[in-house]
**Q** 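Right, I'll just put the structure down here and ask away after.
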Protein chains: 2
Amino acid sequence: MREPPSSAPEGSLIDPEVHVESFRQAREARRLELVEDYVELIADLIGDGGEARQVDIAARLGVAQPTVAKMLKRLAEDGLVQQRPYRGVFLTAAGEALAAQSRERHRIVERFLCAVGVSPETARRDAEGIEHHVSAETLDAFRRFADGHSDA
Amino acid sequence: MREPPSSAPEGSLIDPEVHVESFRQAREARRLELVEDYVELIADLIGDGGEARQVDIAARLGVAQPTVAKMLKRLAEDGLVQQRPYRGVFLTAAGEALAAQSRERHRIVERFLCAVGVSPETARRDAEGIEHHVSAETLDAFRRFADGHSDA
DNA sequence: GCATAAGTATAGCTATTGCTATAACTGCGC
DNA sequence: GCGCAGTTATAGCAATAGCTATACTTATGC
């Protein structure tokens, strides 16, 4: 009692393959969000005070210290950070690279939001979530726009 | 060997409370993402073909059918959908409301991305992830911008 | 140098979201 | 009305990300 949807979609539904790909991309981004947040924050903490302690990371992220410890173990397995027991945590070359990239993207998104009229506080908070879902092409458009409207 | 960070932040670090709040908001958004995606998709499927079957939802989302079944049970517990065993799934009034809101937000974000010069395909894919992290204020800015540049 | 405070590690729990495999049910053809 | 194909339900597993409680290590003060 269902006609094959081969030719004419009768509603607002888009191509299933595109749909799947969009969701797949969103899931993938969600998986990487936390990793990027951690690496970005560790880079900031090291840049600010010379070291990144678990308690500081936990306080910044708003989570408990064991949660951070577990995550750092995973980041170490992924080769992004290096940790010495009971000592601080450092970024590997790969970690530095990812942090730099994340920070740059974050900065562009935040600046862009301000450029389109969002208040600085909201821009900062929304950028934290949006940055992970911005593709290279969109980031490029954001950068161009922000550059062109930096003082409007 | 660490001075108290009471007065002057010497690096690029923002106020810890703001930091925590940003991450908390991002985590909260992440928790709601899936729910909104499901409800939005169910509304689309019903609007398109009159019914939303688990296999169709699974095919669109790119996940397995049992994953959908489990999620629908949760949505039913949350009062967003109503399901009859071995029959289709329907949206409750609350589900309809959430779907309408999600769809509207999705539409605005996608339209906005196109307005700033992103290609339609990329706009569609990025919107799927971005929409969940856009606050009311930012959405308003997006809408204003898209309305003013609909044909530029 | 020893006690205490601060920071880190570990154990064990929960919830979420994905999977595969398989059982149960519906509806259709014949 | 029986069987088979399609659909849904259920069971059980894994990974992730959070938590509390507690043990361990380091560093500091005296």
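Not measured: the values here are computed from a predicted model. Chain naming here is simple, since letters A, B, ... match the order of the sequence lines and numbering starts at 1 in each.
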**Q** Can a salt bridge be assigned to the pair B/Glu77 and B/Arg74 using a cut-off of 4.0 Å between side-chain N and carboxylate O?
**A**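 Here B/Glu77 does not pair with B/Arg74 in a salt bridge, since their nearest N and O are not under 4.0 Å apart.
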**Q** Test side chain to side chain contact (heavy atoms under 4.5 Å, CB included) on A/Gln101 and A/Glu104 and set out the steps.
**A** CA-CA 5 Å; A/Gln101 178 196 314; A/Glu104 169 73 356; 5.8 Å; no
**Q** Under 4.0 Å from OP1 or OP2 of C/dT16: is there any side-chain N or O of A/Arg31 that close?
**A**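 Negative; the distance criterion is not met.
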**Q** With respect to the phosphate group of C/dT17, does any side-chain polar atom (N or O) of B/Thr67 fall under 4.0 Å of OP1 or OP2?
**A**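 It does not, given that no N or O in the side chain of B/Thr67 lies less than 4.0 Å from OP1 or OP2 of C/dT17.
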**Q** Whole-Å distance between C/dC25 C1' and B/Gln83 CD?
**A**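 Answer to the nearest Å: 15 Å.
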**Q** With nearest nucleotide decided by heavy atoms, which residue, B/Leu72 or A/Leu34, maps closer to the 5′ end of DNA chain D?
**A**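 Looking at DNA chain D, the more 5' nearest nucleotide goes with B/Leu72.
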**Q** On DNA chain D, compare the nucleotides closest to A/Ala64 and A/Arg87; which residue's is nearer the 5' end?
**A**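 Looking at the nearest nucleotide for each, A/Ala64 comes out on the 5' side.
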**Q** To the nearest angstrom, how far is A/Tyr86 atom OH from C/dT10 atom P?
**A**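 For the pair A/Tyr86 OH and C/dT10 P, the rounded distance is 7 Å.
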**Q** Should B/Gln65 be listed as having a side-chain N or O under 4.0 Å from OP1 or OP2 of D/dA9?
**A**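 Checking D/dA9 against B/Gln65, no side-chain N or O comes under 4.0 Å of OP1 or OP2.
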**Q** Identify, between A/Arg84 and A/Arg27, the residue whose nearest nucleotide on DNA chain C lies closer to the 5' end.
**A**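 Looking at the nearest nucleotide for each, A/Arg84 comes out on the 5' side.
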**Q** So, B/Tyr38 versus A/Phe23, ring centres under 6.0 angstrom or not?
**A**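 Between B/Tyr38 and A/Phe23, the centre distance exceeds or equals 6.0 Å.
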**Q** Only one of B/Glu36, B/Glu40, B/Arg107 clears side chain to side chain contact (heavy atoms under 4.5 Å, CB included) with B/Glu131; which?
**A**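 Answer to the side chain to side chain contact (heavy atoms under 4.5 Å, CB included) test with B/Glu131 among B/Glu36, B/Glu40, B/Arg107: B/Glu40.
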**Q** Can you find a side chain N or O atom of B/Arg30 that sits less than 4.0 Å from OP1 or OP2 on D/dT16?
**A**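 Result: no.
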